[in-house]
A.B. asks: 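Input: one structure, supplied below.
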Amino acid sequence: MNIEERIEKSESRIFKAVFPNTTNHYDTLFGGTAMQLMDEAAFITATRFSRQRMVTVSSDRIDFTKPIPAGTIVELVGKVSYLGTTSLKVKVDIYIEEMYTYSREKAVSCVFTFVAIGENKNPVKVLK
């Protein structure tokens with residue numbers, strides 16, 4: 001399997017309902033909760049791509065372009081966007097879907113960097 005095929009096959013999608021227990025006093029998703037969900041989606045994507053132990057080492061600027069209201073569905077989409085020797089980057093976008101219409105729009109974007117680690121927790125090559 002070539003790199004493009006691995007990237008395509010490792011793309012990950014997670015759906016979540018936004019319930020009141022995950023929202024702030026404005027009735028929108030907590031930013032920290034959004035970041036946690038994005039890191040999880042990015043980790044799953046990185047692991048599916050590499051099939052190795054991966055750890056988050058950084059996240060780039062996170063862009064909250066739309067508030068995510070309670071009572072909506074969010075889709076998190078993770079895709080490998082860069083491949084280095086021991087690291088890779090995963091771009092994650094969050095899309096808002098209204099529950100009872102076909103309305104859908106992008107709300108949040110961020111890029112996470114992961115490093116592949118061996119049993120001794122030192123960096124190893126992403127692709128063996």
Side-chain angles (χ1 to χ4, degrees):
M1 180 178 342
N2 66 35
I3 300 299
E4 291 78 22
E5 290 171 329
R6 280 179 86 150
I7 289 171
E8 185 179 322
K9 289 185 182 287
S10 66
E11 182 176 288
S12 301
R13 296 172 180 271
I14 298 171
F15 291 87
K16 296 277 187 183
V18 180
F19 292 117
N21 66 328
T22 61
T23 62
N24 59 27
H25 58 292
Y26 296 112
D27 250 359
T28 60
L29 187 67
F30 277 115
T33 302
M35 291 179 66
Q36 178 185 357
L37 293 170
M38 294 176 86
D39 188 30
E40 180 181 350
F43 168 77
I44 291 167
T45 304
T47 302
R48 291 181 71 212
F49 177 86
S50 68
R51 298 297 173 173
Q52 296 190 71
R53 293 183 178 124
M54 301 297 288
V55 292
T56 308
V57 294
S58 70
S59 61
D60 293 354
R61 187 176 102 182
I62 186 166
D63 294 315
F64 294 93
T65 55
K66 301 269 183 199
I68 301 173
T72 57
I73 298 167
V74 292
E75 179 183 16
L76 296 99
V77 181
K79 186 170 183 174
V80 173
S81 60
Y82 168 81
L83 178 61
T85 305
T86 60
S87 67
L88 59 79
K89 291 182 183 253
V90 176
K91 182 177 185 205
V92 179
D93 295 317
I94 298 181
Y95 294 90
I96 307 168
E97 292 185 8
E98 292 182 11
M99 286 196 188
Y100 307 112
T101 71
Y102 291 101
S103 174
R104 175 183 163 89
E105 58 186 330
K106 186 163 46 170
V108 186
S109 292
C110 188
V111 176
F112 294 83
T113 303
F114 288 83
V115 169
I117 58 170
E119 287 189 29
N120 59 3
K121 298 189 174 120
N122 289 325
V124 297
K125 289 186 177 183
V126 173
L127 298 177
K128 295 179 182 180

A.B. asks: Nearest heavy-atom pair of Leu29 and Thr22: which atoms, and what distance?
C.D. replies: CD1-O, 3.4 Å
A.B. asks: For Val80, run the side chain to side chain contact (heavy atoms under 4.5 Å, CB included) check against Ser12, Ser50, Ser10 and tell me which one passes.
C.D. replies: Ser10
A.B. asks: With side chains defined as the heavy atoms from C-beta onward, is the minimum distance between Val18 and Thr23 less than 4.5 Å?
C.D. replies: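 Val18 vs Thr23: side chains touch.
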A.B. asks: To the nearest 0.5 angstrom, please state how far the CE atom of Met1 sits from the NZ atom of Lys9.
C.D. replies: 5.5 Å
A.B. asks: Using a 6.0 Å cut-off, check whether atom CZ of Phe15 has over 12 heavy atoms from anything other than its own residue.
C.D. replies: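 Yes, because the 6.0 Å sphere around CZ of Phe15 holds more than 12 heavy atoms from other groups.
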A.B. asks: Are the side chain of Arg53 and the backbone N or O of Ile117 linked by a donor-acceptor pair below 3.5 Å?
C.D. replies: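 Side chain of Arg53 to backbone of Ile117: no pair is present.
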A.B. asks: I need the minimum non-hydrogen distance between Val124 and Gln52, along with the two atoms involved.
C.D. replies: CG2-OE1, 3.5 Å
A.B. asks: In chain order, what residues pass the side-chain hydrogen bond (donor to acceptor under 3.5 Å, both in side chains) check against Glu8, with sequence neighbours excluded?
C.D. replies: none
A.B. asks: Same cluster for Ile3 and Met54 if Ile/Leu/Val/Met/Phe/Trp/Tyr side chains link at under 4.5 Å?
C.D. replies: yes
A.B. asks: Can you tell me how far OG1 of Thr72 sits from NZ of Lys16, rounded to the nearest 0.5 angstrom?
C.D. replies: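 These two atoms lie 13.5 Å from each other.
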A.B. asks: Do Leu37 and Tyr95 belong together in a cluster built from hydrophobic side chains that touch within less than 4.5 Å?
C.D. replies: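 No, because Leu37 and Tyr95 fall into different hydrophobic clusters, even though each may have its own neighbours under 4.5 Å.
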A.B. asks: Answer whether the closest heavy-atom distance between the side chains of Arg13 and Glu75 falls below 4.5 Å.
C.D. replies: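 Yes, side chains in contact.
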A.B. asks: Working to the nearest 0.5 angstrom, can you tell me the gap between Phe112 CZ and Glu40 CD?
C.D. replies: 11.0 Å
A.B. asks: Could you check Asp63, Asp93, Leu76, Ile68 and say which one makes a side chain to side chain contact (heavy atoms under 4.5 Å, CB included) with Val108?
C.D. replies: Ile68
A.B. asks: Which donor-acceptor pairs under 3.5 Å do the side chains of residues 96-103 make with protein atoms, sequence neighbours left out?
C.D. replies:
| residue | atom | partner | partner atom | Å |
| --- | --- | --- | --- | --- |
| Glu97 | OE2 | Arg104 | NH1 | 3.0 |
| Glu98 | OE1 | Thr101 | OG1 | 3.0 |
| Thr101 | OG1 | Ser103 | N | 3.1 |

A.B. asks: Do Glu5 and Asn2 have side-chain heavy atoms sitting under 4.5 Å apart?
C.D. replies: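 SC-SC contact between Glu5 and Asn2 confirmed.
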A.B. asks: Passes side chain to side chain contact (heavy atoms under 4.5 Å, CB included), Val92 versus Thr45? Steps please.
C.D. replies: CA-CA 9 Å; Val92 179; Thr45 304; 5.9 Å; no
A.B. asks: Shortest non-hydrogen contact from Asp60 to Lys89?
C.D. replies: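 So the two residues come closest at OD2-NZ, 4.0 Å.
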A.B. asks: Grab the two heavy atoms, one from Phe114 and one from Phe43, that are nearest each other, plus how far apart they are.
C.D. replies: CZ-N, 3.4 Å
A.B. asks: Working to the nearest 0.5 angstrom, can you tell me the gap between Ile44 CD1 and Ile14 CD1?
C.D. replies: 4.0 Å
A.B. asks: Where is the tightest heavy-atom contact between Val126 and Ser87, given as atom of each residue plus distance?
C.D. replies: CG2-N, 3.5 Å
A.B. asks: Is there a path of hydrophobic side-chain contacts, each under 4.5 Å between heavy atoms of I/L/V/M/F/W/Y residues, joining Met38 to Val77?
C.D. replies: no
A.B. asks: Got a sec, which residues hit side-chain hydrogen bond (donor to acceptor under 3.5 Å, both in side chains) with Asp27, two or more places apart in sequence or on another chain?
C.D. replies: none
A.B. asks: Is the closest side-chain heavy-atom distance between Leu83 and Arg6 below 4.5 Å?
C.D. replies: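 Leu83 does not reach Arg6 side chain to side chain.
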A.B. asks: Treating Ile, Leu, Val, Met, Phe, Trp and Tyr as nodes and any side-chain heavy-atom pair under 4.5 angstrom as an edge, say whether Ile7 and Val111 lie in one connected cluster.
C.D. replies: no
A.B. asks: What are the two closest non-hydrogen atoms of Ser81 and Lys91, and how far apart are they?
C.D. replies: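 Taking Ser81 first and Lys91 second, the nearest heavy atoms are OG-N, 4.0 Å.
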A.B. asks: Mind running side chain to side chain contact (heavy atoms under 4.5 Å, CB included) on Phe30 and Asn21 for me, showing each step along the way?
C.D. replies: CA-CA 10 Å; Phe30 277 115; Asn21 66 328; over 6 Å; no
